[in-house]
Every structure is written in structure tokens, then in C-alpha cells.
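Below, each value reflects all heavy atoms present in this structure, side chains not excepted, and no hydrogens, waters or symmetry copies. Keep in mind that what you see is a predicted model, and the values were worked out from it rather than measured. Order of the sequence lines sets the chain letters (A, B, ...), proteins ahead of strands, with each chain counted from 1.
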Amino acid sequence: MTEIRVRIAPSPTGPLHVGTARTALFNYLFARHTGGTFVLRMEDTDAARSTEAYERDILEGLHSLGLDWDEGPNPGDGDDRGPYGPYRQMQRLDRYAAATAELLARDLAYPCYCTLAELDADRKAQEAAHQPPRYVGRCANLTPEERASRVAEGRPAAIRFRVAPGVVRFEDLIRGEVEIDAANLGGDFVVVRGDGSPLYHFTVVVDDAAMEISHVIRGEDHLSNTPKHILLFRALGHDVPQFAHLPLILNADRTKMSKRKSQTAVADYVAEGFVREALINYLALLGWSTGTEEEILSLEEIVLRFDLVHVQKGGAVFDRERLEWLNGQWIRRLEPEDLIERLQPFLEKDLAAGRIDRLPSAEELRALLPIVQERLPRLNAIGDLVGFLWIDHLEPDPALIVPKRWDAATTLEALRAARETIVETIGPVTFEADELEPPLRALAEARGWKASDLFMAIRVAVTGRTATPPLFDSLVALGREQVLARLDAAMGTLEREGGTKP
RNA sequence: GCCCCCAUCGUCUAGAGGCCCAGGACGCCACCCUUUCAAGGUGGAGAUCAGGGGUUCGAAUCCCCUUGGGGGCACCA
């Protein structure tokens, strides 16, 4: 039984979390690197919090990152694929029931009739006495008569697993030998609720056993729970898989990354225009390295290099700045057609929000790419960068049109001269960046203006912004008619508001 | 409170006894390029390798202690 099988077991109780994506990624990498099988199993036994919408978000999110699994629910139709199904725990209740019956029959577990109020009181008392919380064992050794009387009272029974004394030892692939005394596990723990529904610690073991999982790669937050799982594997007569506990992803304050303190939904990053290549690249390098100085790597390249040896032990703070840098790197590496396609939804969003008045054609975008691609930190920055091209009525701030060293009168004069130069020297048909620059530079020189001031005045007049892609390319993209119209409009504004600046 | 894990620049990390009075990247600061903004290039500041004991000819690397941080202890996952 040496076949490598790993799994990601997300719970559909929230949108796809960055931490889940990272754990999925590491499992995926391990499987692909070793030629093993990557399984996805939905842990939806928390009926109160699980939703289908979250399940869809998780499935589609992982799929869109390129982390495809060999077995589990399909991202599209949700149908199961693979020989170990079903892959949703709510559809596997019979297996948990069978496992429960077996434990009960062998007295490795027992019914517990304690009420939630009793347990709560126990816990409070222990807390007051500065004792660690643990189940007191009230129902551990009830006689058949005592059980019968509780049942007669109509008390529901949870099922508790007996934790035998002893030390549980295991070799973690990342942390080395770990040993925990079973006495510190908090006593006999519940595996099935009073209402009959099974709990995580139980289902995860029953399923990992049934699905022949060979390596459990998960977050460090499960390290302390691992002995419970090992005890359960043994009780069920199954081989214990290998464990590898990954370092946690942290908030800026070094606590476990949480929705409260960080942006944790993968979909939110995607909506901002982070590309999957950057997300994958970044997440892979959070807690792992190649051992070299390589850092810009595709998923395929990471698969080739991946190993558990270079996984870090300490937690890693999620650093958005670094993600953003990597995102820029990857955007610059995208093929033009690919970039144009990926930009589409963001342009549509800008249009819907009224930030632009029309959608550019693919040809228009293609022509723009040389001046835009290296300036995009995120895909959603496209509107901010060149949205001025697709606006019907630009209203530049008159205070911005006037360059720092100039007054309104000079600016007005300069814009008028620039317009003239453009009209006279540039033919109505051709209108290219190369043709625009020399005459305008000559104009500046002839009038004793600094070219940068002239260009800034034109820039703001025509784009409404002080920071834009290269001016002459922007003018060409805008087109002769628009350029002239906007210059006229800006001069009009200056005439009306002139004198507001010394 | 108890148990477990962890500890190299602000952040992500290289480092598996001598190549390290510690290298790279992000960020930051300068300069170059330059019509603005980016990108790119060059350089710089930034870590007494948490502290203290050992082991060793030699320790960021091995051991112990201390300190600090994190995680776990549910009829959540």
C-alpha cells in the first residue's frame, strides 16, 4: 500500500479562504510531484453553517487557480468523480454510523447522556480551579440499568470515544517526532452528537481511512488534534497515514490569519485583479522555498521543484505588498491576447459603475498594451490607468491644468499654441506619437517654456490626470478629434475659472 | 490554566558545523533613465542569526535552559 493519495477537505461554511487555497496547493504540489492522487472531499457535516453557494465558491475558486483534483465533486456540475465516493460527508452518513456501531460494540466508545448544561458547568468549575477543561467521565461506566433509565427520561445520547492512557507518538514530515500524552487530550471526546450527526474528528478519520489517504498535509492548527485522529485510526483497525503540518498563514500581528484582520477570501483577490499565476506563486512561497533564489515560478515549475523538506516550520505573515509585486510581474508576462481577455470583466465593471462610458474594442486594447501592460499592478487598475480614453465628457480640475510654475494666463496661451501646432503640423489623417513630439518640443523651445510644463498642461487638459501613460501615445489613442475637443474644453474652463491660481 | 509547536533584516526567505562579522526578494531611501506615472538599472540603510549556557579546534546551524510568539484544549471545521 505505497500509493500516494492526498486530499483537501474544505468545509463549505464560508467562501474559499486563502489558508484553504494554500493547503490545497501544497497537497496538489505533493501529489503532482510524486505522481500521486489528489482528492477533494467536502466536509459539510456542520449543517447549520454549510451552504451550496459556499461549496460552489470553493470548487470554482480552486479550479480557477488551476488546482485540479483527480477525485471529488466536479467544479462545474458538482457531480462526483472517482472510485471512493461519495465525496460529500453528508452523503456518507451510513459509513459513520457503521463505524460508530463498531466502536460501540467493542466498547471503544459509549453513549453519553450529559446535558450541555452539565458539561458547561463542569467546564466552568475546571476553569475556576485553573484546571484544563476535560470531560469528567460521568457516563463512562454507566451500568445497563443506568443507561436504560436515562433513555427512559428521554435524554439524547452523544457518543464518546474512550481515550486510553498512554503516549501518542508520530513522525511529522515537517516537524519531526511529536509526542503527546493522551492524558492531555481532554478526556473521552464526542464523535457523534446527541442528534446523531457525526463530528469532524470522527468523520475525517473514517473518510481518510476509507479513501486510503496516505499523507495528511494540513495546517498546524491541527497538530494538537492529531493524537485523537491516530487513536481513532487504530481503533478502526486502519493504518495511520503520514502527517505533515504546514505553518500557519498569519495576520500582520502574527496571529492566525482571520477574516477580522485580513482579506481572506480568494474571490476578493481575484475581484481586485490578482491573476492566478501570482496568487499561486505567492502562496507557494509562503512557507516554502526552492532552496535557491528563484522566486518567479509558474505552477508547473513549482510542481517540478516541490518538496516537504523546504517547508518552513514557523508561521508566515501574509504580505500584500509582495503579492502585488508578483502580480505585476505576472501581468507583464501574459500574452497580449490573454491579457485582453482577462481585462474584459474589469472593463465591464467600470462601465456598469459609470466610470467609463463605452467599452474599448479588442483592437483598441491591443494597440494600448505596450504602454499599459507594464503599468498594471492589478487588472482592476485598467480604468484608473486609461479610463479617460473612454469617457464622453471630461471635466479636468482647473487647478490641476495649470502647471506648478505657471499661471492661468500662461497655461491658456500655451494650450492655444499647442492646439494650433497640432492642427497645423499634424495632418488630419496621420496622427502618430512620433510626429507629435518634435513640433511640440519645438514650440516649447521657441516660447521659452519648459517642455515638461507644456506637456503637463496638455496632459491634464486632455486626460484630467497628472499621472498617465506616455503623453503622445495617449494623444494618439484618444484620436485627433477628441484631443482638439478636450483642449478646447479645457481652455474654456480656464477662461471661466482663470485667475484662481496666481 | 494545561498541552503542543515555533524563533535569521519591518515582511517572505537562503542557510542542513568551517564557503556567513549572514545571501536574495518585497517594502523603504538615493541616483540613473525620463514629458508625468510606471517599468528597468545602479547603489544604500536594514538581522550582535531572541537571550544565556554548553558540545566542538570551529555554531545561525547540534544539546539544555530562559524569554517571546503562535496553535490546540467544543455535541465548530
Side-chain angles (χ1 to χ4, degrees), chain A residues 9-14 43-46 48-50 112 114-116 119-120 123 126-135 156 158-160 172 175 178-181 183-187 189-195 197 199-201 203-204 219-227 245 247-248 250 252-256 282 285-296 309-310 312-326 328 332 371-377 385 437 440-441 444 450-456 458-460 463 465-472 474:
Chain A
S11 179
T13 53
E43 310 231 317
D44 54 359
T45 55
D46 185 347
R49 295 193 296 149
S50 297
C112 170
C114 295
T115 64
L116 262 26
L119 294 172
D120 199 47
R123 201 156 16 241
Q126 288 160 343
E127 201 175 313
H130 296 290
Q131 296 292 314
R134 102 190 309 273
Y135 177 58
I159 307 299
R160 279 185 191 272
D172 188 280
R175 277 143 225 287
V178 177
E179 62 170 60
I180 296 177
D181 193 324
N184 294 315
L185 260 27
F189 58 91
V190 176
V191 291
V192 179
R193 293 186 182 89
D195 69 3
S197 61
L199 252 19
Y200 167 77
H201 291 307
T203 59
V204 75
E220 193 196 338
D221 47 352
H222 284 100
L223 191 60
S224 304
N225 292 324
T226 303
H245 287 92
L248 259 22
L250 274 22
D253 63 5
R254 304 204 73 89
T255 53
K256 181 164 96 168
Y282 179 70
L285 260 23
L286 251 200
W288 175 80
S289 76
T290 59
T292 70
E293 283 171 4
E294 299 177 292
E295 53 185 358
I296 297 181
V309 175
H310 287 92
Q312 203 80 12
K313 292 197 190 83
V317 173
F318 190 92
D319 180 10
R320 188 196 161 93
E321 300 266 21
R322 196 170 150 81
L323 203 212
E324 211 156 300
W325 169 73
L326 265 175
R332 270 165 242 144
I371 58 169
V372 156
Q373 191 158 9
E374 67 182 17
R375 272 169 247 268
L376 284 176
L385 192 61
E437 186 167 355
L440 286 169
R441 272 194 194 282
K450 288 201 66 171
S452 59
D453 287 333
L454 206 218
F455 295 165
M456 184 53 86
I458 298 174
R459 169 177 295 112
V460 177
T463 70
R465 331 200 37 148
T466 55
T468 69
L471 179 61
F472 306 107
S474 298

Parallel under 30°, tilted from 30 to 60°, perpendicular over 60°: which one fits the rings of A:H201 and A:F189? perpendicular

Separation of atom [atom1] in [X] from atom [atom2] in [N], rounded to whole Å:
| X | N | atom1 | atom2 | answer |
| --- | --- | --- | --- | --- |
| A:E324 | B:A39 | CD | P | 11 Å |
| A:F455 | B:C37 | CZ | P | 15 Å |
| A:R254 | B:C5 | CZ | C1' | 14 Å |
| A:R320 | B:C12 | CZ | C1' | 16 Å |
| A:L223 | B:C3 | CG | C1' | 11 Å |
| A:L385 | B:A39 | CG | P | 12 Å |
| A:D253 | B:G68 | CG | C1' | 15 Å |
| A:E321 | B:C28 | CD | P | 6 Å |

Choose from [options] the nucleotide whose nearest atom is closest to any side-chain atom of [X].
| X | options | result |
| --- | --- | --- |
| A:T468 | B:G24, B:U36, B:G70 | B:U36 |
| A:A467 | B:U36, B:U35, B:C76 | B:U36 |
| A:E220 | B:G1, B:C5, B:C75 | B:C5 |
| A:S11 | B:A77, B:U35, B:C75 | B:A77 |
| A:N225 | B:A39, B:G1, B:G72 | B:G72 |
| A:R160 | B:C4, B:C75, B:A7 | B:C75 |
| A:I180 | B:A39, B:C3, B:C2 | B:C3 |
| A:D46 | B:G1, B:G40, B:C76 | B:C76 |
| A:L248 | B:G70, B:U35, B:C3 | B:G70 |

Using modelled atom types only, decide if a donor and an acceptor are shared between the side chain of A:R375 and the backbone of A:I371 within a distance under 3.5 Å. yes

Any donor-acceptor pair under 3.5 Å from A:Y282 side chain to A:D319 backbone: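 Such a contact is found between A:Y282 side chain and A:D319 backbone.
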
Within the 4.0 Å heavy-atom criterion, would you say [X] contacts the bases, only the backbone, or no part of the nucleic acid?
| X | result |
| --- | --- |
| A:L286 | sugar-phosphate |
| A:P469 | base |
| A:G287 | sugar-phosphate |
| A:A316 | sugar-phosphate |
| A:G291 | sugar-phosphate |
| A:Y282 | nothing |
| A:P470 | base |
| A:S289 | sugar-phosphate |
| A:R134 | nothing |
| A:E127 | nothing |

Taking only the [atom1] atom of each, what is the distance from [N] to [M] in whole angstrom?
| N | M | atom1 | result |
| --- | --- | --- | --- |
| B:U11 | B:G27 | C1' | 8 Å |
| B:A16 | B:A60 | P | 13 Å |
| B:C76 | B:A39 | C1' | 48 Å |
| B:C32 | B:A47 | P | 28 Å |
| B:A25 | B:C62 | P | 27 Å |
| B:G17 | B:A59 | C1' | 6 Å |
| B:C9 | B:G43 | P | 24 Å |

Would you please confirm or rule out a distance under 4.0 Å between OP1 or OP2 of [N] and any side-chain N or O of [X]?
| X | N | value |
| --- | --- | --- |
| A:R441 | B:U35 | yes |
| A:K256 | B:G72 | yes |
| A:R375 | B:U36 | no |
| A:Q373 | B:A38 | no |
| A:S452 | B:U36 | no |
| A:R193 | B:A77 | yes |
| A:T45 | B:A77 | yes |

Pick the closest RNA chain B nucleotide for A:V178 and for A:P132 by heavy atoms, then say which residue is nearer the 5' end. A:P132

Whichever of A:G186 and A:G314 has its nearest RNA chain B nucleotide further upstream toward 5': A:G314

Which base, if any, makes a Watson-Crick or G-U wobble pair with [N], both distances under 3.5 Å?
| N | value |
| --- | --- |
| B:U56 | none |
| B:G1 | B:C73 |
| B:A7 | B:U67 |
| B:C28 | B:G44 |

Is there aromatic stacking of A:H222 against B:A77, centre distance under 5.5 Å, plane angle under 30°? yes

Tell me whether the side-chain N or O atoms of [X] pair up with the base of [N] as donor and acceptor below 3.5 Å, since no angle test is needed here.
| X | N | result |
| --- | --- | --- |
| A:S224 | B:G71 | yes |
| A:R459 | B:U35 | yes |
| A:R175 | B:C5 | no |
| A:H310 | B:A14 | no |

Closest contact, heavy atoms only, [X] versus [Y]:
| X | Y | value |
| --- | --- | --- |
| A:P469 | A:S474 | O-OG, 3.3 Å |
| A:Q373 | A:R332 | NE2-O, 3.6 Å |
| A:A467 | A:R459 | N-CD, 4.5 Å |
| A:F455 | A:L471 | O-CD2, 3.6 Å |
| A:L223 | A:R175 | CD2-CD, 3.8 Å |
| A:R134 | A:A183 | NH2-O, 2.9 Å |

Step-by-step side chain to side chain contact (heavy atoms under 4.5 Å, CB included) determination, A:L119 to A:Y135: CA-CA 8 Å; A:L119 294 172; A:Y135 177 58; 3.7 Å; yes

